[in-house]
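Working notes, structure below.
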Amino acid sequence: MGEWEVDMVATRVLVNLSGGADEEINFNRTFRLQAVDIPEQPTNNDSPLERQLYEIRSAGLEITKISEFTEERQRAGGKRQKE
């Protein structure tokens, strides 16, 4: 199993439908992902929490850290696998 860091550079645009100015919010983050074992599919007897945990981990990845994306990381390049 492995661990990766993925950079996301995005801008969220809040549209003012009443004719005012739109607002742009930068959302630049680095996500650290880790491969996890996919759990067994829940049964009808499992709790809502157990079913939610299955949904979260069913892709085999889990976000372990979210941090601010920095200029330094941008110069170093996009996504890369951690050693």
Side-chain angles (χ1 to χ4, degrees):
M1 298 208 177
E3 189 173 273
W4 299 266
E5 285 188 353
V6 178
D7 300 322
M8 180 175 74
V9 178
T11 302
R12 180 179 177 192
V13 179
L14 301 176
V15 178
N16 186 334
L17 297 177
S18 64
D22 294 346
E23 182 180 357
E24 294 184 359
I25 301 171
N26 290 335
F27 187 83
N28 304 330
R29 300 288 185 268
T30 297
F31 294 84
R32 181 172 294 163
L33 304 171
Q34 179 176 326
V36 295
D37 292 329
I38 298 172
E40 290 185 32
Q41 192 162 7
T43 65
N44 290 336
N45 296 335
D46 289 334
S47 71
L49 175 60
E50 290 170 311
R51 290 193 293 274
Q52 184 66 42
L53 289 173
Y54 171 77
E55 289 295 321
I56 292 169
R57 291 184 149 207
S58 65
L61 291 174
E62 182 176 86
I63 297 173
T64 59
K65 182 179 179 183
I66 300 174
S67 57
E68 194 73 32
F69 179 74
T70 62
E71 295 276 337
E72 179 181 305
R73 292 239 344 130
Q74 188 173 13
R75 284 191 294 270
K79 61 183 165 180
R80 60 183 179 238
Q81 184 168 354
K82 295 198 41 98
E83 296 184 29

task: Determine, using the 4.5 Å side-chain heavy-atom cutoff (strictly less than), whether Phe27 and Leu33 are members of one ILVMFWY cluster.
output: yes

message: Would Phe69 and Met8 count as a side chain to side chain contact (heavy atoms under 4.5 Å, CB included) here? Give the steps.
response: CA-CA 8 Å; Phe69 179 74; Met8 180 175 74; over 6 Å; no

message: Gln52: which residues meet the side-chain hydrogen bond (donor to acceptor under 3.5 Å, both in side chains) condition with it, sequence neighbours left out?
response: none

query: Is a donor on one side and an acceptor on the other found under 3.5 Å between the side chain of Asn16 and the backbone of Asp22?
result: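 No, because the side chain of Asn16 does not come within donor-acceptor range (under 3.5 Å) of the backbone of Asp22.
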
task: Taking all heavy atoms of Asn28 and all of Glu68, pick out the closest pair and write down the distance.
output: O-OE2, 3.6 Å

message: Distance check, rounded to the nearest 0.5 Å: Ile56 atom CD1 versus Leu61 atom CG?
response: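 Between atom CD1 of Ile56 and atom CG of Leu61 there are 13.0 Å.
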
task: To the nearest 0.5 Å, tell me how far Gln41 CD sits from Glu55 CD.
output: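 That separation rounds to 8.5 Å.
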
Could you tell me which residues satisfy side chain to side chain contact (heavy atoms under 4.5 Å, CB included) with [X], sequence neighbours excluded, listed by chain and number?
X     : answer
Asn45 : Thr43
Arg57 : Val36, Pro39, Glu62
Glu23 : Leu14, Ile25
Ile66 : Arg29, Phe31, Ile63

